[in-house]
Amino acid sequence: MALDHEVAREHDRAGDQVSTATVIAYTVAAVVLFGWFLYGWLVLRQGFINSVGEAAGTGFALLLIISVVGTVRRSRR
């Protein structure tokens, strides 16, 4: 019985690791969102609050897409 718990704990730890590609993708997304904010604020001159709102909305939409894709991929396993 104790062996099953040890195997289960090791299995849970292995699932918590994040791949390097995922970290790079999130970093690129954050840089692009920051660039989108700067573009709206400095180039389009749409105002600071509007630029923050637009970048935040885009970020939340991106997180929603990532969540849906992750759920679909996990359900196929």
Side-chain angles (χ1 to χ4, degrees):
M1 193 79 165
L3 183 61
D4 292 336
H5 291 292
E6 290 174 10
V7 171
R9 280 189 224 131
E10 288 178 10
H11 180 67
D12 290 341
R13 286 187 201 135
D16 291 341
Q17 295 178 356
V18 178
S19 69
T20 305
T22 302
V23 172
I24 291 172
Y26 284 145
T27 304
V28 168
V31 169
V32 168
L33 283 174
F34 185 67
W36 185 250
F37 159 74
L38 289 177
Y39 177 75
W41 185 36
L42 299 174
V43 177
L44 296 179
R45 298 179 182 220
Q46 63 184 7
F48 180 79
I49 300 297
N50 288 338
S51 296
V52 168
E54 189 172 333
T58 304
F60 287 131
L62 183 61
L63 287 174
L64 179 64
I65 292 168
I66 290 169
S67 176
V68 169
V69 169
T71 301
V72 169
R73 287 182 67 195
R74 184 170 290 145
S75 69
R76 288 186 180 179
R77 291 185 194 175

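The analysis underlying the following values was restricted to heavy atoms, covering all of them including side chains, and did not include hydrogens, waters or symmetry mates. Residues take their numbers from the sequence shown, with the count starting at 1.
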Exercise for the section: With sequence neighbours left out, write down each residue that passes side-chain contact (heavy atoms from CB on, under 4.5 Å) with Leu33, or none if nothing qualifies. Expected result: Thr58
Exercise for the section: Quick one: name the residues clustered hydrophobically with Leu38, using the 4.5 Å side-chain heavy-atom rule over I, L, V, M, F, W, Y, and just say none if it's on its own. Expected result: Phe34, Phe37, Trp41, Leu42, Phe48, Ile49, Val52
Handout entry: side-chain contact (heavy atoms from CB on, under 4.5 Å) partners of Val31, counting only residues at least two apart
Key = none
Handout entry: Co-members of Ile65 in a cluster of I, L, V, M, F, W and Y side chains, linked at under 4.5 Å
Key = Val69
Handout entry: Pairwise ring pair (Phe, Tyr, Trp, His ring centres under 6.0 Å) hits with a residue in residues 56-77, at least two apart
Key = none
Handout entry: Close side-chain approach of Tyr26 and Ile66, heavy atoms under 4.5 Å
Key = yes
Exercise for the section: Calculate, to the nearest 0.5 Å, the distance between atoms OH and OG belonging to Tyr39 and Ser51 respectively. Expected result: 11.0 Å
Handout entry: Co-members of Val28 in a cluster of I, L, V, M, F, W and Y side chains, linked at under 4.5 Å
Key = Ile24, Val32
Handout entry: Sidechain-backbone polar pair: Ser67 side chain, Leu63 backbone, donor-acceptor under 3.5 Å
Key = no
